[in-house]
There are 2 protein chains.
Amino acid sequence: MTRWLSDDERRAWRGYLDMNAQLSAHLHRQLQADSGLSLADFDVLVQLTDRTEPRMRVGELADALQWEKSRLSHHLARMNKRGLIAREDCPDDARGAFIVLTEKGRQAIEQAAPAHVDTVRDLVFDHLSAEEVAALAAISARVLGRLGRGGPEPA
Amino acid sequence: MTRWLSDDERRAWRGYLDMNAQLSAHLHRQLQADSGLSLADFDVLVQLTDRTEPRMRVGELADALQWEKSRLSHHLARMNKRGLIAREDCPDDARGAFIVLTEKGRQAIEQAAPAHVDTVRDLVFDHLSAEEVAALAAISARVLGRLGRGGPEPA
DNA sequence: CCAACATAGGTGATGTGTCAACTATTCCGG
DNA sequence: CCGGAATAGTTGACACATCACCTATGTTGG
């Protein structure tokens with residue numbers, strides 16, 4: 001027996017889906033227009049920047065991003081072709097590879113980040129109360145917790 | 001001068017992005033495994049079902065979904081090939097086309113919907129308080145309001 | 001009537017995400 | 001030290017989204 005959603009839940013769900021679609025589209029266009037980077041590029045570059053170590057193993061990057069390795073592999077190939085990152089052989093493990101930020105990649109992320117953050121503020125946080133920000137964090141944590149535990153919830 | 005996000009905001013933003021990524025991936029896999037439909041298929045079929053009129057103009061569908069017409073056109077071509085929808089000529093306007101739900105499409109959506117709703121409940125709403133649901137709706141409305149102002153305004 | 005324009009919708013190229021299968025290496029028990 | 005299992009990462013096929021452009025038709029002012 002399936003329970004349908006209540007009116008409030010349906011409203012919240014539709015709102016969430018719509019916000020998602022429009023927000024990510026908007027952020028992607030802004031970033032692309034402003035810096036030529038995609039949101040995916042941005043996330044990869046942030047990971048590579050947020051470390052003292054300049055090199056990062058592909059698997060480590062995949063874990064940090066929570067991306068499937070296949071997705072990352074494809075994406076790194078594209079970023080490599082555009083000169084945003086480069087590959088280095090891994091001496092300890094001949095199967096592995098290091099990914100390094102190129103100068104061009106560093107410039108791209110440094111140029112892109114401020115406007116991106118401004119856009120996020122402008123579209124989201126400038127319009128939310130502290131309570132709403134807390135609620136968003138709480139909701140995310142709750143749902144992510146549920147997603148983390150595999151399988152359906154035992155009654 | 002760019003202000004960076006506060007700790008709380010950063011936490012909320014990361015949570016939101018992670019929740020999004022994982023939630024949509026999970027919902028997509030569930031729907032796909034359970035019924036062979038994608039989330040996009042599902043949304044299209046819902047629009048076609050939620051009407052008394054069995055036929056719908058392509059543009060009308062695009063408006064309802066808030067999809068770009070090109071996206072819809074491509075997607076309808078795929079759904080048509082799989083027999084989920086069909087096209088009909090529009091007598092009033094030879095440029096236009098009607099989209100109709102096929103029997104196969106109707107069966108697919110009717111079979112898919114209950115499990116999908118159950119999954120949404122199980123992953124999201126079973127874990128949120130009434131206040132959190134209200135907050136989610138409020139946040140979405142606020143952000144969508146901001147996104148709405150500034151877009152292509154129908155003069 | 002007709003030329004300019006607007007509208008409905010489709011097309012092809014490109015970038016992105018997923019799945020399944022693959023290659024090359026490393027690890028590990030006997 | 002060797003053969004099978006695990007691991008690192010890649011590849012190819014396909015679904016999807018966007019962009020820029022295209023076709024065909026409708027609309028409208030002169």
Side-chain angles (χ1 to χ4, degrees), chain A residues 17 20-33 35-44 55-82 84-99, chain B residues 17 20-33 35-44 55-82 84-85 87-99 152 154-155:
Chain A
L17 293 177
N20 243 212
Q22 307 223 24
L23 188 52
S24 71
H26 200 291
L27 289 174
H28 190 259
R29 277 196 204 99
Q30 176 273 323
L31 191 59
Q32 186 82 52
S35 65
L37 296 178
S38 68
L39 286 171
D41 297 333
F42 189 86
D43 287 346
V44 170
R55 310 177 306 169
M56 215 170 159
R57 288 291 294 269
V58 173
E60 192 187 355
L61 201 45
D63 286 350
L65 290 162
Q66 306 212 107
W67 282 14
E68 297 182 10
K69 59 190 181 155
S70 167
R71 173 184 180 185
L72 182 55
S73 184
H74 281 301
H75 204 87
L76 289 176
R78 290 187 293 262
M79 292 181 75
N80 186 40
K81 194 156 58 181
R82 288 190 292 148
L84 296 170
I85 55 124
R87 296 169 184 285
E88 281 179 12
D89 286 343
C90 179
D92 297 344
D93 187 338
R95 293 168 303 183
F98 282 114
I99 302 299
Chain B
L17 293 177
N20 244 214
Q22 306 223 23
L23 189 52
S24 72
H26 200 291
L27 288 173
H28 191 260
R29 277 198 205 97
Q30 177 274 323
L31 191 59
Q32 186 80 50
S35 65
L37 297 177
S38 67
L39 286 171
D41 298 332
F42 189 86
D43 287 346
V44 171
R55 312 177 306 168
M56 215 169 158
R57 289 290 293 270
V58 173
E60 192 188 357
L61 202 45
D63 286 349
L65 290 163
Q66 307 211 108
W67 282 15
E68 298 181 10
K69 57 189 183 153
S70 167
R71 174 184 180 185
L72 182 56
S73 184
H74 281 300
H75 203 89
L76 289 175
R78 290 188 294 263
M79 291 181 76
N80 186 39
K81 194 157 58 183
R82 289 191 291 147
L84 295 170
I85 55 124
R87 296 170 184 283
E88 279 179 14
D89 287 343
C90 178
D92 296 344
D93 187 338
R95 292 169 303 182
F98 282 115
I99 302 300

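Order of the sequence lines fixes the chain letters, A, B, ..., with proteins taken first and strands second; residue numbering starts at 1 for each chain. Just so you know, these numbers come straight off a predicted model, no measurement behind them.
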When the distance from CD of Glu68(B) to C1' of dC16(D) is rounded to whole Å, what number comes out? 13 Å
Using a heavy-atom cut-off of 4.0 Å across all strands, would you classify Arg82(B) as base, sugar-phosphate, or nothing? nothing
Examine the side chains of His75(B) and Arg78(B) and answer whether a donor and an acceptor come within less than 3.5 Å of each other. yes
Rounded interatomic separation in angstrom, taking CG from Leu65(A) and C1' from dG9(D): 15 Å
Against the side chain of Asp41(A), the closest entry in dC16(D), dT16(C), dT18(D) is dT16(C)
Rounding to an integer number of Å, can you tell me how far Leu72(A) CG sits from dT18(C) P? 12 Å
Whole Å only: how far is the CD atom of Glu88(A) from the C1' atom of dG9(D)? 17 Å
Report the C-alpha separation of Leu61(A) and Leu76(A) in whole Å, then their side-chain angles, then the decisive distance to 0.1 Å, and conclude whether the side-chain contact (heavy atoms from CB on, under 4.5 Å) test is met. CA-CA 10 Å; Leu61(A) 201 45; Leu76(A) 289 176; 4.3 Å; yes
Is the side chain of Ser73(B) donor-acceptor paired with the backbone N or O of Lys69(B) at a distance under 3.5 Å, no angle test? no
What about Ser70(A), does its side chain sit under 3.5 Å from the base of dT11(D) through a donor-acceptor pair? yes
Students often get this wrong, so: under 4.0 angstrom with heavy atoms, is His74(A) touching a base, only sugar-phosphate, or nothing? base
Among the nucleotides dC19(D), dG26(D), dT11(D), whichever has the atom closest to the side chain of Ser73(A) is dT11(D)
Between P of dA17(D) and NE2 of His26(A), the distance in whole Å: 19 Å
Going through the distances and angles, do Ile99(A) and Arg55(A) end up as a side-chain contact (heavy atoms from CB on, under 4.5 Å)? CA-CA 6 Å; Ile99(A) 302 299; Arg55(A) 310 177 306 169; over 6 Å; no
Partner set under salt bridge (charged side-chain N to carboxylate O under 4.0 Å, His left out) for Arg95(A), not counting sequence neighbours: Asp93(A)
Could you tell me whether Ala77(B) contacts a base, only the sugar-phosphate backbone, or nothing, with contacts defined as non-hydrogen atoms closer than 4.0 Å? nothing
When rounded to the nearest 0.5 angstrom, what distance separates CG in Leu23(A) from CG in Leu17(B)? 8.5 Å
Could I get a table of every N or O pair under 3.5 Å where one atom is in the protein and the other is in nucleotides 1-7 of chain D?
unit_1, atom_1, unit_2, atom_2, d
dT7(D), O2, Arg95(A), NH1, 2.3

Answer with base, sugar-phosphate or nothing: what part of the nucleic acid does Arg78(B) contact at a heavy-atom distance below 4.0 Å? base
Can you identify which nucleotide, out of dT18(C), dA17(D), dT16(C), has its nearest atom closest to the Ala25(B) side chain? dT18(C)
Assert: residue with more 5' nearest nucleotide on DNA chain D, out of Pro91(B) and Glu60(A), is Glu60(A)
Whole angstroms only, please: what is the CD-P distance between Gln32(A) and dA17(D)? 17 Å
In sequence, state the C-alpha distance, the side-chain angles, and the governing distance for Asp41(A) and Leu31(A), and then conclude on side-chain contact (heavy atoms from CB on, under 4.5 Å). CA-CA 10 Å; Asp41(A) 297 333; Leu31(A) 191 59; over 6 Å; no
Lys69(A) has a side chain; which of dC19(D), dC19(C), dA8(D) sits nearest to it? dA8(D)
At less than 4.0 Å, is any side-chain N or O atom of Arg71(A) found next to OP1 or OP2 of dG15(C)? Yes or no. no
CA sep, side-chain torsions, deciding dist, call: Val44(B), Leu84(B), side-chain contact (heavy atoms from CB on, under 4.5 Å): CA-CA 10 Å; Val44(B) 171; Leu84(B) 295 170; over 6 Å; no
Round to the nearest Å and state the distance from His28(A) atom NE2 to dA17(D) atom P. 13 Å
For Asp92(A) and His75(A), take the nucleotide of DNA chain C holding the closest heavy atom to each; which residue's nucleotide lies nearer the 5' end? His75(A)
What integer distance in Å separates Leu76(A):CG from dG17(C):P? 12 Å
Mapping Lys81(A) and Arg29(B) to their closest nucleotides on DNA chain C, which lands nearer the 5' end? Lys81(A)
